[in-house]
Structures are given as structure tokens and as C-alpha cells.
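Below: the structure, in C-alpha cells.
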2 protein chains.
Amino acid sequence: MCFARQIMDRVGDKWSIAIVHTLGRDTLRFTELKRAIDGISQRMLTATLRGLERDGLVERTVHPVVPPRVDYRLTELGLTLLGTVCELANWAVNHADEIAGARADYDARPDTA
Amino acid sequence: MCFARQIMDRVGDKWSIAIVHTLGRDTLRFTELKRAIDGISQRMLTATLRGLERDGLVERTVHPVVPPRVDYRLTELGLTLLGTVCELANWAVNHADEIAGARADYDARPDTA
């Protein structure tokens, strides 16, 4: 599998997209991210954040306070991906009605009932 | 979960992205799609194609010949998504080296070894 396709599999993953989109607005802590992203499990958020950190898209900062505070933000590289992710989000909002209509038509078809 | 996020989960799925990207070049048969998309199983290709068809992004055509020929192509709505998907692919190609470097640095860190 070519390396670019490998990367697309990573960033083209729904949880990666949701995290990049959410961090696009702010630097957030783990619990804030978990609350902001509907349906993501603790395990999935941990693994996806680690993958994004490894790819250089997200920066994890441990603040030397008691108790220790950890937050996450997009890196410069992560910010270059944000534009495409926001475009995908806008596409979804702009075409929601057409897709809802297509789903209703599909579900009403005799061969798909 | 808001409807737009639901749609993003659908189209922000790596297999949906790979199928839309591949169909962006041509109308293809199932076996041609399977061959073109590295790592996708028959079951996953069938389910993802059905999801994209239901969302109105892909059109499935059964040609009345013997043996029956079935092919898939992007609809007008699917073509509106192609631009964003190609941008994601270009982003992956353009930033492959930076990501490879970030991964090497991450893997070399004592706390991640």
C-alpha cells in the first residue's frame, strides 16, 4: 500500500477527522475532547490521539502543576489539514438534505426494503 | 448526534474515501474496484458501496446483458464530494515526508519506545 494511501487511511478515519475538527477551535484537555466528540470511547480517543501525535498533527503538553494537567492542540502541520477537514464538515452540512432525501428514496425502493 | 456529524462519519470513513477517490477516475465494476483498493474485503466493499448508494453518492447500474453486468459510478452529488476527497489525497501526498519524519521522531522518544 503506497505511503500516501496509508496516511489517507489515518486522517481519513472518522475519529481523526472529528478530533482535528474539534481541536481546530481550541486547545483542549482529554475530558473536554471526550465530551465534545459524541460516541467516542476512552480507548478510541487515547489511541487516535496517540496516532495523531505520532503523525505530528497533534501536540500533547503535560503542564508541571499538581495535579498534572495535560492538553492537546493542533500543530502547524495539523492546522494544514484543518482546512480540508472543515471543507468536509461544510460539505456534510450543505448536502444533508439531499442525502436525507436519497436515503428515504433508497429505503422506499422495493429491492432494498 | 447531529445529522451532519452522522454524514461526516459516513463519508469520513477510510473505505468511503478510497471508493469515491477511485470512482473519481472512472465507472468501474465491483471486481475492478476491489482490485484497485488495496486491503478492502469483499464484505466491506459491498457494505460501503451500499451505504454510498443509499446516500445518493454512488449509482449502481445493472446492464441487461447475459451474464448481467453491474457497474458503479459517482452521481452528481458524489462528484461534489470528489473535490474534497482529492484535496485530502493531495494533502497526504504533499505532507508524506513531514509525517514520516514525525513518526521517526515519535518512535525514537524514550517515553514512547
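Note that the coordinates shown come from a computational prediction; the quantities given were computed from them, not determined experimentally. Every chain is numbered from 1 and lettered A, B, ... according to where its sequence line falls, protein lines coming before strand lines. Keep in mind that the numbers below use all heavy atoms, side chains included, and drop hydrogens, waters and symmetry copies.
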Which atoms of B:L52 are under 4.5 Å from chain A, going by heavy atoms: the side chain, the backbone, both sets, or neither?
neither
Sort B:S16 into side chain, backbone, both or neither according to what part of it lies under 4.5 angstrom from a heavy atom of chain A.
neither
Return the CZ to CD distance between A:R109 and B:E53, rounded to the nearest 0.5 Å.
4.5 Å
Can you tell me which of B:D105, B:L88, B:V85 forms the most heavy-atom pairs within a distance under 4.5 Å of chain A?
B:L88
Among A:T80, A:D55, A:L57, A:L81, find the residue that satisfies the side chain to side chain contact (heavy atoms under 4.5 Å, CB included) test when tested with B:H95.
A:T80
Rounded at 0.5 Å granularity, tell me how far CZ in A:R60 sits from CG in B:D111.
8.0 Å
Could you tell me if the side chain of A:T84 sits less than 4.5 Å from the side chain of B:N90, heavy atoms only?
no
Heavy atoms of A:W91 and B:L77 approach each other most closely as CZ2-O, 4.0 Å
Linked, directly or transitively: B:L28 and B:V65 (ILVMFWY side chains, under 4.5 Å):
no
